[in-house]
Amino acid sequence: MKTKEKKKAHYGLLVLLFLLLGLGIQVGLGYQRLSRGEARSARLLEQLSLSARTAAENETQRRGGLWQEAAPRLTRLPELRQAARAGEDLSLLMLVNAEHPLPEDYAPELVQVADKDGRTYDLDARCAQAFWDMMDDCAAAGGEPYICSGFRLRRDQEELFQDKIKRLVKEGTDPALAPEEAAKTVAVPGTSEHESGLAADLIDESYPYLDELQEQTPTQIWLMHNSWRYGFILRHL
């Protein structure tokens with residue numbers, strides 16, 4: 001009995017040794033795989049880093065080449081623009097706003113024009129014909145252009161501005177703040193484009209309201225696409 005028990009104990013010990021040996025082999029193999037994986041990851045990161053550096057260097061070189069090509073052209077740009085403007089009439093080019101007021105004695109040469117309903121307005125003589133050509137073409141294209149304001153004398157602009165101040169005060173605005181608030185929607189006298197004679201307010205006759213829906217009318221859609229052809233820009237206050 002004792003001999004059999006010793007043999008069983010011996011066999012058990014051998015099995016345990018084999019199990020431990022197998023476990024050690026598996027751990028060793030796992031460690032090797034992990035080491036190889038870490039090495040591959042390190043190589044991959046190095047390759048990606050090298051690729052990113054190479055791409056950045058190539059982009060820098062590309063931009064440098066573009067700049068070298070553009071630099072001479074940009075240097076000559078003022079000269080080219082001046083040459084293009086030679087002989088042009090620049091008298092109609094002016095900037096009128098709060099930072100660039102009209103001179104006190106500014107007095108454009110005006111002509112009186114009438115629309116199809118007999119309403120008359122004054123415009124600068126240099127732009128009047130182009131303006132009415134634009135109005136006629138807009139109408140021919142299906143629009144209903146309606147001019148509701150043309151040239152204004154400074155005193156007329158002053159009346160509009162003061163009227164806006166009075167209405168704001170009546171609505172509860174502090175009188176000391178009313179002029180600044182009024183200037184957000186009505187130009188301060190001397191800074192209105194209407195005083196130049198080169199501006200006019202246009203609306204669609206079928207929609208006489210000055211709000212955001214105005215731009216969806218046939219007249220405004222046509223003007224947005226075509227006013228530049230007649231020398232005008234479309235402005236919205």
Side-chain angles (χ1 to χ4, degrees), residues 77-78 80-161 164 183-237:
L77 194 55
L80 295 173
R81 285 179 174 174
Q82 190 63 35
R85 288 178 175 178
E88 287 186 359
D89 179 10
L90 303 181
S91 61
L92 286 172
L93 294 178
M94 65 172 64
L95 178 61
V96 183
N97 57 29
E99 289 74 34
H100 300 83
L102 286 164
E104 288 284 345
D105 59 349
Y106 186 80
E109 180 183 349
L110 301 171
V111 295
Q112 192 175 72
V113 290
D115 65 11
K116 59 184 178 63
D117 295 323
R119 297 181 295 256
T120 59
Y121 301 91
D122 290 330
L123 291 173
D124 189 303
R126 297 168 296 175
C127 74
Q129 186 58 54
F131 178 81
W132 287 108
D133 288 344
M134 180 177 70
M135 293 280 283
D136 289 343
D137 291 346
C138 180
E144 295 182 272
Y146 179 99
I147 179 171
C148 55
S149 181
F151 169 74
R152 292 185 202 140
L153 292 169
R154 183 159 302 192
R155 65 170 179 265
D156 296 331
Q157 188 66 30
E158 180 68 39
E159 289 180 5
L160 289 173
F161 189 68
K164 180 63 176 180
K184 294 179 180 179
T185 53
V186 179
V188 174
T191 69
S192 171
E193 292 177 321
H194 284 280
E195 296 175 57
S196 72
L198 299 172
D201 290 337
L202 289 177
I203 59 174
D204 191 293
E205 194 165 8
S206 66
Y207 189 81
Y209 306 105
L210 296 174
D211 57 27
E212 64 275 8
L213 294 180
Q214 181 67 220
E215 68 178 352
Q216 299 179 23
T217 63
T219 293
Q220 300 300 338
I221 292 173
W222 188 91
L223 288 172
M224 284 187 282
H225 287 91
N226 297 284
S227 61
W228 63 272
R229 302 178 188 276
Y230 303 83
F232 295 96
I233 60 173
L234 197 59
R235 296 275 297 272
H236 298 278
L237 182 61

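Just so it is clear, the model here is predicted, and its values are computed rather than measured.
Across every non-hydrogen atom of L123 and A199, the tightest pair is CD2-O, 4.0 Å. Residues Q214 and T217 share a closest heavy-atom pair of O-OG1, 2.8 Å. A pairwise comparison of heavy atoms in C127 and L198 identifies SG-CD2, 3.9 Å as the closest pair. The shortest non-hydrogen separation linking H225 to W228 is O-NE1, 2.9 Å.
For the pair H194 (side chain) and G150 (backbone), a donor-acceptor distance under 3.5 Å is present. The backbone N or O of P189 lies less than 3.5 Å from no partner atom in the side chain of S192, so there is not a single donor-acceptor pair.
Within the 4.5 Å cutoff, the side chain of V111 has no heavy atoms near those of the Q129 side chain. Between F161 and V188 the shortest side-chain heavy-atom distance falls below 4.5 Å. Two residues are said to be in side-chain contact when any heavy atoms from C-beta on lie closer than 4.5 Å; Y106 and R154 fail this criterion. The shortest side-chain heavy-atom distance between Y146 and E144 does not fall under the 4.5 Å cut-off. Using a 4.5 Å heavy-atom cutoff, the side chains of I147 and L202 are in contact. S227 places a side-chain heavy atom less than 4.5 Å from the side chain of M134. With a 4.5 Å cut-off on side-chain heavy atoms, K164 and L160 do not count as touching. The shortest distance between side-chain heavy atoms of D137 and W222 falls below 4.5 Å.
Salt-bridge check for R152 with D201: passed, with a basic side-chain N closer than 4.0 Å to an acidic carboxylate O.
In this structure, M224 CE and L234 CG are separated by 7.0 Å, a value rounded to the nearest 0.5 Å. The distance from atom CG of L110 to atom CZ of R126, rounded to the nearest 0.5 Å, is 10.0 Å. The distance from the CD1 atom of I221 to the CD atom of E215 is 8.5 Å, given to the nearest 0.5 Å.
Ring-plane geometry between F131 and F232 is classed as perpendicular, the angle between the planes exceeding 60 degrees on a 0 to 90 degree scale with a lower cut at 30.
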